Structures are given as C-alpha cells and as structure tokens.
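For reference, the structure is listed below as structure tokens.
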There are 2 protein chains.
Amino acid sequence: MKITMKEVAQHAGVGVGTVSRVLNNGSVKDSTRKRVEAAIKELNYQPDFYARGLKTNKTNTVALILPSVWHPFFSEFAFHVENRLEVNHYKLYLCNSSGNSEKEKEYIQMVTQNKVDGIIGITYSDIDDYVSSNLPFVSIDRYFTEDVTYVTADNSAGGRLAVNELSKRGCQNLAYIGGYQETPNETKSRRKYFEIECNQQQIEYQVLDMLEPLLDSWATIEAFLMENDTIDGIFTINDPMAIEVCKILKKLGKRVPEDVQVIGFDGQRISEGEGYLVSTIVQPIEKMAHSAVDLLIAVIEGKEVEKRTVLPISFGEGGTTKKL
Amino acid sequence: MKITMKEVAQHAGVGVGTVSRVLNNGSVKDSTRKRVEAAIKELNYQPDFYARGLKTNKTNTVALILPSVWHPFFSEFAFHVENRLEVNHYKLYLCNSSGNSEKEKEYIQMVTQNKVDGIIGITYSDIDDYVSSNLPFVSIDRYFTEDVTYVTADNSAGGRLAVNELSKRGCQNLAYIGGYQETPNETKSRRKYFEIECNQQQIEYQVLDMLEPLLDSWATIEAFLMENDTIDGIFTINDPMAIEVCKILKKLGKRVPEDVQVIGFDGQRISEGEGYLVSTIVQPIEKMAHSAVDLLIAVIEGKEVEKRTVLPISFGEGGTTKKL
DNA sequence: TTGAAAGCGCTAACAG
DNA sequence: CTGTTAGCGCTTTCAA
C-alpha cells in the first residue's frame with residue numbers, strides 16, 4: 001500500500017498543506033513539525049516525486065550523455081557522477097548516445113520540457129545548435145561555440161608532461177599516436193602541446209594521427225612503427241591506444257619499456273585501487289565528475305558559474321616506462 | 001513553452017480524451033486519428049511522463065544496480081542494457097550501490113512505490129530479505145534464496161574450458177587465482193569446475209582463492225607464484241586479475257605466454273571492436289544484457305518467465321596463451 | 001501559523 | 001467513436 005500525504009496529515013491531525021511545508025522547510029510551529037515528522041516516520045511515508053515533478057517541473061534528475069560506456073574513462077566518470085549526484089539527492093538517467101545525435105537531441109529536449117533538470121555530456125558530435133547557453137548543461141572535454149560551461153583535464157599540460165617524462169627517461173626519438181574526430185574538443189591539445197614541447201626541447205618526433213572511426217588501426221600503426229624504427233618513446237591519445245601499441249611493439253620484437261617506452265592518457269587502472277594498466281597521464285576523473293555535478297547544480301539553481309574549469313593532470317607509472 | 005494535451009486537442013478540434021486514445025492506441029476513427037497526429041506533429045507535442053506516471057503508476061523506468069562501474073564488465077553491461085531498454089522505450093536509472101546495501105534497499109523500495117517499474121541488479125550483498133519473488137527483478141550472476149529470475153553466463157563451462165584450452169596448449173601444471181565473497185554467486189563455479197575438470201583429466205593444479213576485499217593481493221600472488229615455481233598455466237577469476245598476474249609474472253622474470261600461459265574471465269576488450277586484453281573466457285555480455293532486459297519487461301508485463309537463464313561462453317585469444 | 005482549495009497534465013470511466 | 005469529467009499526490013496561493 002502506498003502512503004500519501006493525506007494519510008500523514010490525518011495521522012498528525014493537520015492539513016496536507018502543513019505536511020508539505022514540513023517537507024519543504026516552510027515555516028511551521030515547532031510542536032506541529034515534531035508531530036508531523038513523527039507521523040511521517042511512523043507511516044514510513046515517502047513523497048511521490050512524480051506528483052511533485054508534475055506540480056513543480058523540478059525532477060531532481062540529471063541525464064548523463066556518454067558516447068559509449070565501453071571506454072573505461074567513461075564508466076569511471078559515470079560512477080563518480082552518480083555518487084556526487086546521490087549526495088545532492090539527484091537521480092541519474094544514463095544515456096548512451098553511441099554517437100547518435102538524434103538520441104542526444106532527445107535528451108536535450110527533455111531538459112527543455114522539464115523532464116530532467118540538467119545534462120552532463122561527453123559528446124563529440126555536432127549538436128551545437130541545440131545547446132544554448134541558458135540551459136543547464138555541462139560539457140566534458142568539449143567546448144561548444146556558444147559559451148557553454150565545460151570541465152576538462154589540463155590536456156595541454158598532459159601533452160607537455162608526456163614529452164618530459166619520456167625525455168627524462170632517455171628517449172630521443174618520440175612519436176605521437178592517436179585518433180581524432182572533426183569536432184573541436186580539448187583532447188586535441190594532447191597532440192598539439194606534445195608537438196610544442198618537442199619543438200621547444202628540440203626533440204625529434206613523428207606523428208600518426210588517424211581520423212576516427214578507426215578502420216584498421218592495427219595495420220596502420222604497425223606500418224608506421226616499422227617505417228620509423230628508431231622511435232624509442234611513444235605518447236598515445238589514450239590508454240587503450242597505448243595498450244594496442246604495446247601489443248604491436250611486442251609483435252615487432254621490441255621490448256617495452258627496455259627498447260621503447262610508452263605513455264598513454266587517462267589513468268586507467270587495472271581495477272579499483274590497483275595500479276595503472278600502462279604508464280599514463282592521469283586525468284583526475286573523480287574531481288572532474290564532482291566539478292561537473294557541482295557546476296550543473298549551481299546552474300540549475302540559477303547561479304552564475306565559471307565557464308571553463310581546467311583540472312591538473314599528473315604522471316602515473318604503469319610499467320611501460322623505465323624506472324627512474 | 002510547454003505544449004499540453006489540451007492545446008493539441010484544441011488544435012485538432014477534439015477532446016483531450018481522444019488525444020489520449022490516439023497516444024495509447026485506443027479505438028479512434030481513422031480520420032480523427034490522422035487529424036490528431038497532425039496536430040501533435042505540428043505543435044511538436046510530447047507527453048509529460050510525470051503526469052502520466054502520477055496517474056498510472058507506470059514510469060517506464062528501470063533501475064540498474066551495479067556494485068561499481070569500475071569493472072569494465074559492468075560498464076559494458078550497462079551500455080547494452082541501456083540500448084535494449086531504449087528500444088523498448090524505457091529509461092535507465094543508474095545506481096552504484098558500491099556494496100552499500102542501504103542504497104540498494106532504497107532503490108528496491110522505489111519499485112514498491114511505483115517509482116521504477118523494475119530492477120536489474122548485479123549485487124553480491126545481502127539484500128535477500130528485500131527481494132521478494134513477485135517484484136520485477138532480474139539478477140545477474142547471483143541466485144537468491146527466493147526464486148528470483150536470474151541471468152548468468154555458463155561459468156561452469158567456463159572453468160572447464162579454461163582447463164582444456166590451457167592443457168591443449170601444453171600446460172601441465174595449472175593454477176587458479178581468484179578472489180571471492182561470502183555471498184553465494186555463480187562466479188564461484190569458475191573455480192569449482194576448473195577443479196573438477198583438472199581432476200577428471202588428472203592434471204596437477206594449485207589454488208589461490210582470496211577473500212575480498214583484497215588487501216595486498218600483489219604480494220600474496222607473488223608469494224604464491226614463487227612458491228609454486230613450476231606452474232605453467234593460470235586461470236583467473238576475471239580479466240583484471242589476469243592482467244595483474246601477468247605483471248607479477250613479468251616481474252618474476254617469466255615470459256607470457258612462452259613460460260606461463262594465462263587465461264582470464266570476462267572477455268574484456270582493449271576498446272570497442274578491438275581485440276581482447278588478455279586471453280579470456282568470453283561472457284556474452286550483450287546477450288546477457290538483452291536477456292535481462294527482455295525478462296524484466298516480461299515480468300513487468302505480468303508474464304511468467306524462466307527463472308534461470310544460462311548463456312554460453314567461448315574462448316577468446318588475447319596474446320597471453322600460445323597460438324595453436 | 002495553518003487549513004482549504006485550486007490546479008499541474010494525464011488517463012479512464014462514463015455518458016452520449 | 002468521442003467529449004466530459006473525476007481524480008492521481010503534490011505544492012502553493014488565499015483566507016482565516
């Protein structure tokens with residue numbers, strides 16, 4: 001049986017309005033409040049947030065749009081987002097857009113219709129027209145042409161750090177290996193600042209940047225590596241790519257990290273609390289998630305927020321670089 | 001501005017009841033239906049599912065409870081669940097219980113209050129009392145004492161297959177390395193049938209089974225491996241564990257797969273569409289997710305369903321076993 | 001400080 | 001086959 005406010009009101013000998021006020025911190029005489037709270041507890045009453053949503057157009061629900069959950073970065077991110085939301089009494093709709101921008105638009109439409117209070121989105125597809133600066137929306141890694149709030153790791157510093165860590169460990173001939181998409185996003189800084197830093201330090205480097213979706217990356221990378229046999233340090237766009245590169249290197253008879261050192265990007269761990277899968281530039285995923293949630297809630301509450309949040313990265317030792 | 005049914009009705013020159021009937025496939029004269037549909041399209045009307053939920057106690061929402069999303073198996077699973085739900089016009093609340101059974105109970109309570117229509121749960125904690133057999137609930141990998149519907153990969157066959165694949169590749173001295181929890185769950189069959197198969201084939205084997213949460217698994221495993229120096233084939237409870245074991249083996253100067261071959265469990269891929277991270281017993285994650293969703297929806301619709309669904313596994317070559 | 005009452009947008013029962 | 005109407009459980013005026 002479902003307990004409604006009416007029952008609680010009856011039980012406490014007050015009107016439903018009073019119960020509502022108790023729930024929403026309206027002004028109620030202390031003694032009445034006590035009585036109502038007792039009734040709530042006794043009947044184990046829980047407000048119906050559908051009724052509330054209908055009335056207030058506030059749902060305490062946020063949609064998280066991910067391009068895919070396969071990438072461990074996304075799943076860890078989702079994990080932290082949910083945790084932070086929960087603390088703030090929000091629920092999370094998970095939405096895998098799968099690069100399907102129709103589905104993304106659908107969720108964005110949900111905001112405009114008050115079905116979700118806001119959206120956090122990692123989306124590299126072309127939905128710029130739908131994202132206006134006044135709807136509660138926080139983007140990750142991606143700046144839109146409009147001045148949408150976004151959170152990102154310091155990808156530029158990441159690119160530079162990779163060069164430094166590699167060069168510190170004796171690498172003389174670097175390479176960047178990655179994939180990219182046409183839409184502008186912050187991850188492109190990884191390559192850009194890798195190059196800038198190499199140039200500044202006058203280090204030799206090669207670049208293999210493949211347009212996604214990747215068709216036969218294995219063969220492309222293998223060819224690239226065979227052609228550039230003297231490479232002794234590689235920086236990849238992300239950790240999965242680093243793993244693939246390691247496998248290819250092994251096949252080519254190169255030892256990692258003795259012959260070639262590899263640094264990925266993300267900070268992917270073997271499992272919770274364990275070490276890193278590969279040596280990597282670590283994104284502060286938890287911080288990013290928390291910032292995103294905090295910003296979104298601030299926007300929902302009508303506050304002004306900083307448009308751009310950049311969080312610091314660090315280096316994580318994962319066995320694909322030499323010990324210092 | 002929000003368009004309501006009333007507007008649509010006015011626009012089409014009918015009553016709201018008729019619009020509702022059109023939406024819910026009630027009997028409406030064809031010409032009227034056309035007119036209403038036109039109005040809906042023209043005004044870009046979208047039903048308010050909060051109002052609907054309030055009225056019908058049907059929310060078209062399912063909660064997915066995961067112990068954590070860190071484990072790639074879970075995230076891939078979530079991905080497929082969401083996709084399948086979406087096809088059936090359901091939305092997904094993501095809930096990371098983090099082993100926090102309070103949070104799990106909270107969501108289970110939501111079902112009883114008609115806030116979600118059902119739950120899919122991977123949960124190893126002790127919430128048996130709350131899971132009654134008549135609420136729409138589908139469990140993964142875990143059977144409860146009550147006759148709750150559940151879906152699982154064929155873990156027994158997986159344990160056996162691991163032994164066979166290892167022995168086929170010349171291993172003579174096997175080991176099982178894993179972690180376990182007290183609550184009964186299907187993953188325990190992995191070890192059990194590994195042992196059964198070894199015994200049947202009269203293959204030597206060792207077992208290292210650690211109670212979770214794992215404190216210093218690295219050291220424990222390292223000691224185990226040093227003590228049992230002749231081991232040449234290892235089967236682990238899951239892929240992350242296989243990766244850790246590989247790293248430890250490397251540190252101990254053993255080559256994988258030349259000296260020691262390793263098979264994990266899950267079928268974790270480097271990234272979407274790529275190869276396997278390690279050689280592994282592949283769970284049909286997508287099928288499991290789809291089955292779970294289909295079963296859950298069937299239960300929600302009041303149909304009788306098979307309590308136990310066991311899906312076949314397979315072997316996936318991932319570079320930590322020798323080529324045949 | 002509080003109770004009564006008017007809806008929020010929808011479905012379903014009823015009458016036509 | 002279709003229009004009208006009574007709520008679903010809640011918040012929020014408006015009076016008292």
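These numbers were taken from a predicted model, which means no experiment stands behind them. First the proteins, then the strands, lettered A, B, ... as listed; each starts at 1.
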*Report the C-alpha distance between B:V116 and B:Y90 in whole Å, list the side-chain angles of each, state the deciding distance to 0.1 Å, and finish with yes or no for side chain to side chain contact (heavy atoms under 4.5 Å, CB included).*
CA-CA 10 Å; B:V116 291; B:Y90 276 78; over 6 Å; no
**Report entry** Polar side chain donor-acceptor pair, A:D117 to A:T59, under 3.5 angstrom
**Finding:**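 Indeed, the side chains of A:D117 and A:T59 share at least one donor-acceptor pair under 3.5 Å.
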Distance-only donor-acceptor check, side chains B:T187 and B:N185, under 3.5 Å: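 The answer is yes; a qualifying pair exists.
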Whole-Å distance between [N] [atom2] and [X] [atom1]?
X     : N      : atom1 : atom2 : result
A:L43 : D:dG9  : CG    : C1'   : 15 Å
A:Q10 : C:dA4  : CD    : C1'   : 14 Å
A:K58 : D:dC10 : NZ    : P     : 17 Å

query = Would you say A:T18 reaches C:dT2's phosphate, i.e. side-chain N/O to OP1/OP2 under 4.0 Å?
reply = no
Readout for nucleotides 7-16 of chain C: B = base within 4.0 Å of protein heavy atom, S = sugar-phosphate only, - = neither; 5' to 3' it is BBBBBBB---
### Query
How many angstroms lie between CG in A:L296 and CD1 in A:I120, if you round to the nearest 0.5 Å?
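A:L296 atom CG to A:I120 atom CD1 measures 5.0 Å (nearest 0.5 Å).
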The reported gap from CG in A:N60 to NZ in A:K58 (rounded to nearest 0.5 angstrom) is 4.0 Å
Per atom distances to the B:V28 side chain, the nearest of D:dT2, C:dT2, C:dG3 is D:dT2
Is it true that B:E106 and B:K103 have a side-chain N and a carboxylate O under 4.0 angstrom from each other?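 No salt bridge links B:E106 with B:K103.
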Next on the checklist: With a 4.0 Å cut-off on N to O distance, would you call A:R308 and A:E186 a salt bridge?
Outcome noted: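 Answer for the salt bridge query: yes.
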Practice task
Describe, as an angle rounded to 10 degrees, how the axis at the first end of the helix from C:dT1-D:dA16 to C:dG16-D:dC1 is tilted relative to the axis at the last end, five pairs per end.
Solution key: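 Comparing the first five pairs with the last five, the axes sit 40° apart.
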- [ ] Take the angle between the ring planes of A:Y93 and B:Y93 and call it parallel below 30°, perpendicular above 60°, tilted in between.
- [x]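 If you compare the ring of A:Y93 with that of B:Y93, the planes turn out parallel.
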